[in-house]
Amino acid sequence: MSPRFSRRDFLKTGVTVGAATLSGRGLFSGTVQTAPAVSGALRVVSSGNGIRATEKAMEILNKGGDPLDAVIAGVNIVEDDPNDMSVGYGGLPNEDGVVELDASVMYGPTHTSGAVASIQNIKNPSKVAKLVMERTMHCLLVSEGALKFALAHGFKKENLLTDKAREAWLRWKETLSDRDNWLPAQIRKLPEDLQPVMMTHGTINCIAIDAQGRLAGVTTTSGLSWKIPGRVGDSPIIGAGLYVDNAVGAAGSTGLGEANIRTCASFQVVNFMGQGMSPEQACLKALESIAEKTKLWPRALNLVNAEGRPSFGLNFYALNKKGEFAGATMWSGPKYAVHDGRKNELRECAFLYKTK
Ligand code: ASP
């Protein structure tokens with residue numbers, strides 16, 4: 001799960017991080033993790049919380065399975081896991097205490113996609129997104145419509161709010177103000193890990209290529225915790241949270257969705273790779289262009305720190321047709337998961353700015 005931020009800490013972090021040094025222009029300052037080009041190579045790349053997903057997806061690819069089925073089976077492990085509070089079952093809820101999920105899939109060989117947004121009570125939105133792609137001519141179903149569609153296809157309604165997530169939400173609600181009717185949270189004893197109840201985000205993205213050069217990807221999330229009901233992040237937006245072009249490569253994202261949506265950055269990453277950039281160069285270039293745009297955004301959005309740099313975390317994962325891959329992040333620290341056919345491991349993301 002990504003770091004937690006309160007609105008105040010969000011600003012504070014921005015200021016602290018703003019004092020960080022930028023190595024050169026930041027470009028290519030992180031570790032170069034690009035894999036050698038191998039024809040027919042199997043690759044699965046995922047966000048840092050996706051090490052079980054890459055393992056599972058590779059197992060399926062090794063048996064000759066379809067890459068979209070492989071990445072979806074991979075992320076289902078995390079969607080089903082109540083301990084990952086940023087995705088699926090156990091995800092942190094919106095400000096009303098309701099878990100709303102977003103997900104998208106894209107399949108390279110047919111250049112088709114499907115997505116659901118703000119869907120409630122369905123544990124595996126990634127599977128519903130695939131059905132939107134396969135069983136409708138639409139790209140995105142939201143909210144009630146998405147739920148009805150899922151139920152029509154035999155999905156079961158489930159309560160996705162775990163006790164731990166509910167307690168976290170309740171504590172957030174109780175600490176919002178000392179001038180409302182909720183008594184201060186301190187009077188109740190809560191588990192240690194629920195003490196700092198701040199804005200949290202997290203997501204899983206997983207992209208893969210099989211031996212035939214077929215590319216596919218999925219992104220699934222519970223989005224920002226305590227979000228305004230109906231808020232949709234970048235994960236179900238094709239071109240933002242995910243993009244696949246079978247002639248070029250695939251890219252996906254985790255991190256602050258609002259910054260990503262405004263720049264269609266996964267589309268940009270794939271486009272940059274199409275222009276000849278390596279996956280790492282393409283991810284860093286997209287991050288750089290977001291950092292530039294950050295300077296234009298109104299201060300009230302809290303997306304920029306005192307030094308005019310992004311105050312948020314944003315990560316991209318990319319894989320090209322040759323099997324080269326990378327993960328890159330705005331501020332150094334995050335890792336990404338990769339299975340290169342031989343080894344499944346976490347690697348350091350390349351970064352635009354160095355966190356002090
Ligand atoms: N991208 C997700 C969203 O904005 C959150 C995250 O990945 O941290 O909904």
Side-chain angles (χ1 to χ4, degrees), residues 1-7 9-10 13 45-50 53 75 78-79 84-88 90-95 98-106 115-120 125-126 129 140 142-143 146 160 165 168 198-207 217-243 251-269 283 286-287 290 294 297 301-303 310-317 327-331 333-337 349:
M1 187 145 58
S2 303
R4 297 170 171 216
F5 297 98
S6 68
R7 202 165 168 81
D9 280 16
F10 199 62
T13 308
V45 178
S46 182
S47 39
N49 55 350
V75 301
V78 183
E79 285 177 333
D84 189 316
M85 296 174 84
S86 69
V87 179
L92 289 169
N94 66 19
E95 67 178 20
V98 176
V99 180
E100 290 182 325
L101 305 176
D102 298 337
S104 64
V105 300
M106 191 155 184
V116 289
S118 289
I119 190 170
Q120 299 177 11
S126 59
L140 174 62
V142 305
S143 196
L160 305 182
M198 300 180 269
M199 187 176 87
T200 307
H201 56 95
T203 295
I204 180 166
N205 164 255
C206 192
I207 49 183
V218 59
T219 305
T220 174
T221 189
S222 53
L224 299 184
S225 63
W226 337 134
K227 61 193 173 187
I228 296 172
R231 178 263 185 189
V232 173
D234 56 331
S235 305
I237 309 295
I238 292 301
L242 180 68
Y243 191 69
S253 177
T254 60
L256 192 74
E258 280 72 5
N260 187 15
I261 292 172
R262 292 183 176 120
T263 52
C264 303
S266 286
F267 178 75
Q268 286 206 55
V269 170
C283 291
L287 286 164
I290 291 165
T294 301
W297 290 335
L301 292 182
N302 287 336
L303 295 180
S311 59
F312 51 86
L314 192 56
N315 318 301
F316 292 102
Y317 316 96
T329 180
M330 189 66 83
W331 294 99
K335 294 188 171 173
Y336 70 106
C349 284

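On a predicted model such as this, the values are computed, not experimentally measured, just so you know. As the structure lists them, so they are numbered: ligands from 1, and atoms in each ligand from 1. Excluded from the calculations below are hydrogen atoms, water molecules and symmetry mates; all remaining heavy atoms, backbone and side chain alike, are included.
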Contact atoms of ligand 1, heavy-atom distance to Gly255 under 4.0 Å: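 So the atoms of ligand 1 that pass are 1 (N), 2 (C), 3 (C), 4 (O), 5 (C), 6 (C), 7 (O), 8 (O).
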Numbered atoms and elements of ligand 1 in range of Gly233, under 4.0 angstrom, heavy atoms: 9 (O)
Side chain proximity check, Val218 to Cys206, heavy atoms < 4.5 angstrom: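 Contact flag for Val218/Cys206 side chains = yes.
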Any nitrogen or oxygen of [X] lying under 3.5 Å from a nitrogen or oxygen in ligand 1? Just yes or no.
| X | value |
| --- | --- |
| Thr221 | no |
| Thr254 | no |
| Leu256 | no |
| Arg231 | yes |
| Gly223 | no |
| Gly202 | yes |

Residues which pass side chain to side chain contact (heavy atoms under 4.5 Å, CB included) with Thr221, listed by chain and number, not counting sequence neighbours: Asp102, Thr203, Ser235
Carboxylate-amine/guanidinium contact Arg231 Glu95, below 4.0 Å: no
Heavy-atom closest pair, residues Val78 and Asn49: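 So the minimum-distance heavy-atom pair works out to CG2-O, 3.7 Å.
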Mutual orientation of the aromatic rings belonging to Phe267 and Tyr243 [parallel < 30°, tilted 30-60°, perpendicular > 60°]: perpendicular
Side-chain donor-acceptor pair present, Ser47, Asn205, cut-off under 3.5 Å: no
